[in-house]
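Each remark here refers to the structure printed beneath this line.
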Amino acid sequence: MIEAFRDLLRIPTVSTRDAAAWDHAAFDAFLEALKGHFPRLHELPLTRVGRHGLLFHWAGVSSAKPIVLMAHSDVVPVEGEWTHPPFDAVVEDGIIWGRGTLDCKGSLVAICQAVENLLTAGHVPAQDVWLSFGCDEEVAGDAAPLAVEELRRRGVTPWFVLDEGGAVAYDAFPGVAKPIAVIGVTEKGITSLELRVDGRGGHASTPAPLGPTARLARAITRLDRSPMRASAPDATVELFRRAAPHAKPPMRYALTTAVRSRALLTRLLLAAGPEAAAMARSTFAVTTLSGSPAMNVVAATATAGVNIRILVGDTMAGVIRHVRRVIKDPQVRITVIDEGEPSPSSPLDDAFDLIADVTSAHFPEALTSPYVMMAATDARHFTKISERVYRFTPFEMTKQQRESIHTNDEHITVDAYLKGVAWYGALIQRLPTG
């Protein structure tokens with residue numbers, strides 16, 4: 001099982017927003033290797049989605065409550081200094097090093113391995129199981145929307161959908177020693193804006209006051225100083241309610257008191273640093289800047305990219321109104337580049353309970369809880385066809401591992417990967433007959 005995983009990690013399926021820069025041969029090689037390692041899986045009916053996406057259908061005893069298990073094959077580009085080469089899949093001291101170990105080849109290959117094992121054992125699931133493997137999640141591509149349309153065309157309304165997301169997180173809360181298995185029941189919306197200021201430009205020796213770069217800088221500063229209103233969503237309140245009894249004093253008393261008042265919990269989150277504050281409000285991050293092409297030239301045009309993560313309860317329209325209001329400058333042109341509303345919250349009903357029960361059985365030391373996922377996933381597209389869309393990666397992760405996602409030294413332990421394979425297998429085996 002580990003060698004199959006390592007082989008697939010070595011294939012550099014890197015996605016970029018520049019379509020011409022894609023190495024499509026690498027994606028083709030990945031799909032061919034996937035077929036070689038999991039031949040029984042590939043005997044199931046398979047639909048190609050887009051250029052490199054896959055949609056498998058494993059017919060169950062019943063099709064009344066079908067489920068969809070999701071993952072994606074693409075990974076982000078490599079950056080930073082790595083302890084081991086990012087596409088060598090080195091195993092050292094029980095740790096597998098490589099890009100995609102956590103995001104998200106680990107989930108994809110673990111799902112395939114679990115299904116292969118069950119098919120080999122002659123298992124037939126109680127309900128239809130669909131496997132939707134995207135290929136362009138990291139660049140917000142069209143593989144997932146196309147899979148949704150294919151399922152809609154076939155009349156499939158999933159009982160629940162499960163994509164990557166929260167993990168069995170160690171060091172998740174100050175004062176809480178227990179790991180917390182967080183299952184995303186919603187995710188923030190993601191919207192990108194461009195701020196643009198045009199001017200005359202000219203020689204740097206004779207700058208005019210409040211030129212394009214200065215005007216843009218003023219707009220950025222105003223936005224940075226004017227955050228949106230804060231409020232803790234229901235899933236965040238529930239997360240802290242479940243964590244509070246396991247915290248050490250005095251944190252236990254602070255959390256227990258805070259969860260009795262949404263306003264108090266919100267203030268606590270805002271005071272606890274940027275990561276916690278992001279759980280309670282929509283956020284704005286200025287991520288790209290451009291101006292003059294030379295040091296001695298006044299910019300004729302200055303632009304900034306703003307990445308916005310929209311909290312559940314806020315809307316894209318409301319966020320853009322806020323941006324216009326706080327910038328207060330008609331010469332700053334605001335253009336929507338990408339748009340996406342927050343996902344609707346999925347219920348904590350029998351589907352959530354099944355995922356939570358399997359998690360508790362396989363990670364008995366962990367506290368299981370819903371939460372709001374900060375990052376965007378392909379799962380958001382599936383809310384069009386299912387009311388129950390959850391986001392959970394069944395891998396144990398330290399804080400250091402979580403911080404390695406999308407940066408250098410991404411890694412997973414061998415033990416955590418094998419536990420993940422077992423978790424997916426158990427989930428399929430426990431699908432209800434009714």
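Remember, it's a predicted structure, so these values are computed and weren't measured experimentally.
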Quiz prompt | Audit row: His123, Gln429, side-chain hydrogen bond (donor to acceptor under 3.5 Å, both in side chains) steps and yes/no | solution = CA-CA 8 Å; His123 179 75; Gln429 288 177 298; 4.8 Å; no
Practice problem: Start with the C-alpha distance between Glu149 and Arg153, add both sets of side-chain angles, then the distance that settles salt bridge (charged side-chain N to carboxylate O under 4.0 Å, His left out), and finish with yes or no. | Solution: CA-CA 6 Å; Glu149 290 309 308; Arg153 186 184 68 79; over 6 Å; no
Quiz item: ring-ring contact (aromatic ring centres under 6.0 Å, His included) between Phe352 and Phe160: does it pass, once the steps are laid out?
Solution: CA-CA 9 Å; Phe352 179 89; Phe160 73 81; over 10 Å; no
Practice problem: Would you sort out whether His72 and Glu164 count as a side-chain hydrogen bond (donor to acceptor under 3.5 Å, both in side chains), showing the intermediate values? | Solution: CA-CA 9 Å; His72 59 87; Glu164 62 171 331; 3.0 Å; yes
Quiz prompt | Worked check of side-chain hydrogen bond (donor to acceptor under 3.5 Å, both in side chains) between Thr377 and Glu187 | solution = CA-CA 8 Å; Thr377 70; Glu187 65 184 60; 2.6 Å; yes
Self-check item: Trace of the salt bridge (charged side-chain N to carboxylate O under 4.0 Å, His left out) decision for Asp350 with Lys65
Solution: CA-CA 12 Å; Asp350 54 349; Lys65 300 174 75 172; 3.8 Å; yes
Self-check item: side-chain hydrogen bond (donor to acceptor under 3.5 Å, both in side chains) evaluation trace for Asp136 with Ser15
Solution: CA-CA 6 Å; Asp136 50 16; Ser15 61; over 6 Å; no
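When only modelled atom types and interatomic distance are considered, Ser62 and Gln127 share a side-chain donor-acceptor pair under 3.5 Å. The closest side-chain donor-acceptor pair between Arg99 and Ser404, if any, does not fall under 3.5 angstrom.
Rounding to the nearest 0.5 Å gives a distance of 6.5 Å between OG1 of Thr413 and CD of Gln401. Here Thr393 contributes atom OG1 and Arg402 contributes atom CZ; the two are 12.0 Å apart, rounded to the nearest 0.5 Å.
Side-chain rings of Trp423 and Phe395 stay apart, their centers remaining 6.0 Å or farther from each other. Taking the six-membered ring for Trp and the full ring otherwise, the centers of Phe56 and His42 sit less than 6.0 Å from each other. In summary, the aromatic rings of Phe173 and His246 are positioned with their centroids too far apart to meet the 6.0 Å limit.
Remark: the backbone N or O of Val90 is not paired with any side-chain donor or acceptor of Asp88 at under 3.5 angstrom. Checked by atom type and distance alone, the side chain of Trp130 never pairs as donor or acceptor with a backbone atom of Trp58 at under 3.5 Å. The backbone N or O of Asp103 sits less than 3.5 Å from a side-chain atom of Glu410, completing a donor-acceptor pair.
Around NZ of Lys384, the count of heavy atoms belonging to other residues, nucleotides or ligands within 6.0 Å does not exceed 12. Few gaps surround CD on Glu365; more than 12 heavy atoms of other groups in view lie less than 6.0 Å from it.
With Arg380 as the fixed residue, the side chain to side chain contact (heavy atoms under 4.5 Å, CB included) test singles out one of Ser343, Pro145, Pro344: Ser343.
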